[in-house]
Amino acid sequence: MLLEQYNASGLLFNTNFLEQTSTSGLFSYRGELVLIQGEVADDKGHTKPPVKVMRGAVLLADEKIRLLIGALDDISMVNDLLEKYQNDFAADMKAVLFVVNIDKPAQVSLDGANIVFIPMVQGVPWNEVIDELGLEKSDFKGQSAADKLLTLQSEIVSYKPKYPAVSLDEVLASATDVQREAWGAV
């Protein structure tokens, strides 16, 4: 399966879980998705940490990516995402990307896949998308971590955001100078 290939290739980083759902052949993942891998650090083949990642990535995939949620620190990183993963997008994939430096929400259609872009300076994509879809913790009660993504996918299929449909170039042009707010020890 696709996510197992990503894992073997070092494209999944800081993994929370990678598990099969109760739907045969459909796998779920939460963690970070590598956009640009780190270079080889030594003669044993160990690599440095990734150069760029999608934070808080949530993926549901079989041979194709069916659901994609995550956070980008800069809207320009969407180009890295598309270069590396667009060929693996299902034609009907649903995606919600939270981006630090865009000024307003929008949605873009790429070869049938719908990608919603929402500004977010701080927060966790999983929590934010649950709020965006109007889900409650009780909607996930008693489910495995993997199957919670099935619940999310079933809800996102009927999700009709009221954000303007624009081109990807318009979203890229909406970049601001806002940066992610850092928390924790300095």
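The first residue in the sequence is number 1, and the count goes up from there.
- Gly25 and Gln20 make their closest contact through N-NE2, 3.1 Å (heavy atoms, listed as atom of the first residue, atom of the second, distance).
- With respect to the salt-bridge test (charged N to carboxylate O, under 4.0 angstrom), the residues Asp139 and Lys148 do not qualify.
- In this structure, Asn101 contributes its side chain and Ile75 its backbone to a donor-acceptor pair below 3.5 Å.
- Within 6.0 Å of atom NZ in Lys64, more than 12 heavy atoms from other residues, nucleotides or ligands are found, so the atom counts as buried in its surroundings.
- Put simply, the side chain of Val116 reaches to within 4.5 Å of the side chain of Tyr159, judged on heavy atoms.
- Residues Leu67 and Met93 approach most closely at N-CG, 4.2 Å, considering heavy atoms.
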Review point. Hey, mind stepping through Asp169 and Ser167 against side-chain hydrogen bond (donor to acceptor under 3.5 Å, both in side chains) and telling me if it holds?
Key: CA-CA 5 Å; Asp169 288 338; Ser167 70; 5.1 Å; no
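- In this structure, Phe89 CZ and Leu110 CG are separated by 7.5 Å, a value rounded to the nearest 0.5 Å.
- Checking each of Leu81, Asp73, Asn79 against Met77 for a side chain to side chain contact (heavy atoms under 4.5 Å, CB included) leaves exactly one that passes, namely Asp73.
- No side-chain heavy atom of Thr47 sits under 4.5 Å from any side-chain heavy atom of Gln37.
- In the hydrophobic clustering of this structure, Leu35 does not group with Val40; members are Ile, Leu, Val, Met, Phe, Trp, Tyr whose side-chain heavy atoms approach within less than 4.5 Å, directly or through other members.
- The two residues Pro164 and Pro105 come nearest to each other via the heavy atoms CD-O, 3.7 Å.
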Review point. Taking it one step at a time, do Lys94 and Ile69 satisfy side chain to side chain contact (heavy atoms under 4.5 Å, CB included)?
Key: CA-CA 8 Å; Lys94 301 291 185 184; Ile69 296 163; over 6 Å; no
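- Ala106 pairs by the side chain to side chain contact (heavy atoms under 4.5 Å, CB included) definition with Val166, Val171, not counting sequence neighbours.
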Practice item. Check the pair Leu149 / Arg30 against side chain to side chain contact (heavy atoms under 4.5 Å, CB included), numbers first and verdict last. Key: CA-CA 9 Å; Leu149 274 68; Arg30 283 186 61 188; 4.3 Å; yes
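- To the nearest 0.5 Å, the span separating CG on Leu97 from CG on Leu68 amounts to 5.5 Å.
- Note that CD1 of Ile102 and OG1 of Thr176 are 8.5 Å apart. Values are rounded to the nearest 0.5 Å.
- Atom CG of Asn127 is surrounded by more than 12 heavy atoms from other residues, nucleotides or ligands within 6.0 Å.
- Aromatic ring centres of Phe140 and Trp126: separated by under 6.0 Å.
- A 6.0 Å sphere centred on CD of Glu83 holds no more than 12 heavy atoms belonging to other residues, nucleotides or ligands.
- Side-chain contact between Leu168 and Leu82: present, with at least one pair of heavy atoms (C-beta onward) separated by less than 4.5 Å.
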Practice item. Please step through side-chain hydrogen bond (donor to acceptor under 3.5 Å, both in side chains) for the pair Asp147 and Ser22, ending with a clear verdict. Key: CA-CA 7 Å; Asp147 282 350; Ser22 59; 3.1 Å; yes
Point to revise | Verdict with supporting geometry, Glu63 and Leu2, side chain to side chain contact (heavy atoms under 4.5 Å, CB included) | key: CA-CA 5 Å; Glu63 303 84 31; Leu2 186 63; 5.8 Å; no
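- Heavy-atom minimum distance, Leu172 versus Ser76: CD2-CA, 4.2 Å.
- Nearest heavy atoms, Ala113 versus Ala90: CB-O, 4.0 Å.
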Practice item. Under the side-chain hydrogen bond (donor to acceptor under 3.5 Å, both in side chains) rule, what do Gln143 and Thr151 come out as? Steps first, then yes or no, please. Key: CA-CA 9 Å; Gln143 296 178 352; Thr151 299; 2.8 Å; yes
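- Looking only at distances, no side-chain donor or acceptor of Glu32 sits under 3.5 Å from a matching main-chain atom of Phe13.
- Following chains of ILVMFWY side-chain contacts shorter than 4.5 Å, one cannot reach Val157 starting from Leu60, and the two form parts of different hydrophobic clusters.
- For the pair Val34 and Pro50, the tightest heavy-atom approach, listed with the atom from each and the gap, is CG2-CG, 3.7 Å.
- Here the CD-CD distance, from Glu155 to Gln153, works out to 11.5 Å after rounding to the nearest 0.5 Å.
- Under a hydrophobic clustering in which Ile, Leu, Val, Met, Phe, Trp and Tyr are joined whenever their side-chain heavy atoms come within less than 4.5 Å, directly or via other members, Val100 and Val51 fall into different clusters.
- Classified by interplanar angle (parallel below 30°, tilted 30° to 60°, perpendicular above 60°), the ring pair Tyr6/Tyr85 is perpendicular.
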Practice item. Show your working on side chain to side chain contact (heavy atoms under 4.5 Å, CB included) between Leu133 and Val96 and close with a plain yes or no. Key: CA-CA 11 Å; Leu133 296 174; Val96 179; over 6 Å; no
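- In the hydrophobic clustering of this structure, Ile36 does not group with Val78; members are Ile, Leu, Val, Met, Phe, Trp, Tyr whose side-chain heavy atoms approach within less than 4.5 Å, directly or through other members.
- Thr21 contributes a side-chain N or O that, together with a main-chain N or O of Thr23, makes up a donor-acceptor pair within less than 3.5 Å.
- Salt-bridge formation is not detected for the pair Lys84/Asp80: no Lys NZ or Arg NE/NH1/NH2 atom is positioned less than 4.0 Å from an Asp or Glu carboxylate oxygen.
- In this structure, CD on Glu128 lies 8.5 Å from CD1 on Ile118, to the nearest 0.5 angstrom.
- Here the CG atom belonging to Leu72 is positioned 4.5 Å from the CE atom belonging to Met54, to the nearest 0.5 angstrom.
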